Amino acid sequence: MKHLCFVAGLLPLLLIACAQGTASVGGTIPDLPTGAEVRSAAVPGGAPVYLSLLTGGGESLYQTTAAAGSTVTAVDPGAWKSKFTGRTVAAETLIPAGATNTSISPAGAQVLLLHWTMWQDTNTNGALDDGEALALLTHDRVAYSDKALSLSFQTAAPNMVQTWTLKAGWSRAAHYVYRPDDGKNQFQRSLESTLPQRYELHIPTPITSM
């Protein structure tokens, strides 16, 4: 997984679930939002702020404005629906070198993983330049797979077992990572297609993968 970086140092029993819903006060379960959206801290004022959907190499496949003061930006999945053409890679090429206990079904499935970036166009040139990205991230991914995919592997550094479960087509790949209190000091990480299409941009946290 050449576009994912790892940072050690999680506390034991840490459980992080990006973009996970929260029950409202009183224990009732809130209604799931309709449509696709990206949530964040209040968008800063001043120069225009944009929300971009980027490849691992920094290519923007979708962009929309984010209104100053807003905490939710609606996005249109139909606008990136056809953008997988020529950009997918075989899923097995995303497994890091040296990984063990690998399992993939089916082999050769074509995958594209994208991430959200919010940025402020301080020089008003309409392009994302160095230093313009806001200090926000999401560990979830906008994912495309041409086939339903199950993939797993283990790495030694960090000591981690990863499992990916992606449905065919486009989906939100929800990210979870934790370390069981079993004495193995081994992290468990997953990317799994799920609903709703809601992404949370949050401040960077000490976590084992981007």
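Bear in mind that the values here come from a model prediction, so they are computed numbers and not experimental data. Quick note: residue numbers are just sequence positions, from 1.
Between the side chains of R39 and H202, no donor-acceptor pair is found at a separation under 3.5 Å.
Every residue two or more places apart in sequence or in another chain that forms a side-chain contact (heavy atoms from CB on, under 4.5 Å) with Q188 is listed here: V161, Y178, P180, Q186. Remark: E192 pairs with T165 by the side-chain contact (heavy atoms from CB on, under 4.5 Å) rule, at least two apart or across chains. By the ring pair (Phe, Tyr, Trp, His ring centres under 6.0 Å) test, Y144 pairs with F84, W170, sequence neighbours left out. In terms of the salt bridge (charged side-chain N to carboxylate O under 4.0 Å, His left out) criterion, residue partners of E59 (sequence neighbours excluded) are, by chain and number, R87. Checked against side-chain contact (heavy atoms from CB on, under 4.5 Å), S171 has the following partners two or more places apart in sequence or in another chain: A143, K167, S193.
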For a ring pair (Phe, Tyr, Trp, His ring centres under 6.0 Å) check, start with the C-alpha distance between H139 and H115, then their side-chain angles and the critical distance, and finish with the verdict. CA-CA 8 Å; H139 298 281; H115 65 277; over 10 Å; no
Show your working on side chain to side chain donor-acceptor pair (under 3.5 Å) between T138 and E200 and close with a plain yes or no. CA-CA 6 Å; T138 175; E200 301 275 356; over 6 Å; no
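Residues A133 and L128 approach most closely at N-CD1, 4.0 Å, considering heavy atoms. For the residue pair I104 and A91, the shortest heavy atom distance occurs at CD1-CB, 3.7 Å. The nearest pair of heavy atoms linking D121 to A127 is OD1-O, 3.9 Å. Counting all heavy atoms, side chain and backbone alike, P106 lies closest to K147 at CG-CD, 3.6 Å. Smallest separation of non-hydrogen atoms from T155 and P96: CG2-CG, 3.7 Å. Shortest non-hydrogen contact noted between A36 and P77 is CB-CG, 3.6 Å.
A continuous path of ILVMFWY side-chain contacts below 4.5 Å connects Y199 to L53, so both sit in one hydrophobic cluster.
A distance-only check finds a donor-acceptor pair linking the side chain of R172 to the backbone of P196 [under 3.5 Å]. Side-chain atoms of R198 never come within 3.5 Å of backbone atoms of L195 as a donor-acceptor pair (strictly under, hydrogens ignored). Under the 3.5 Å distance criterion, the side-chain polar atoms of D146 are left unmatched by any main-chain donor or acceptor of A109. Q154 places no side-chain N or O within 3.5 Å of a backbone atom of M160 that could act as its donor or acceptor partner.
For residues 61-85, the set of pairs meeting the side-chain hydrogen bond (donor to acceptor under 3.5 Å, both in side chains) definition, not counting sequence neighbours, comprises S52-Q63.
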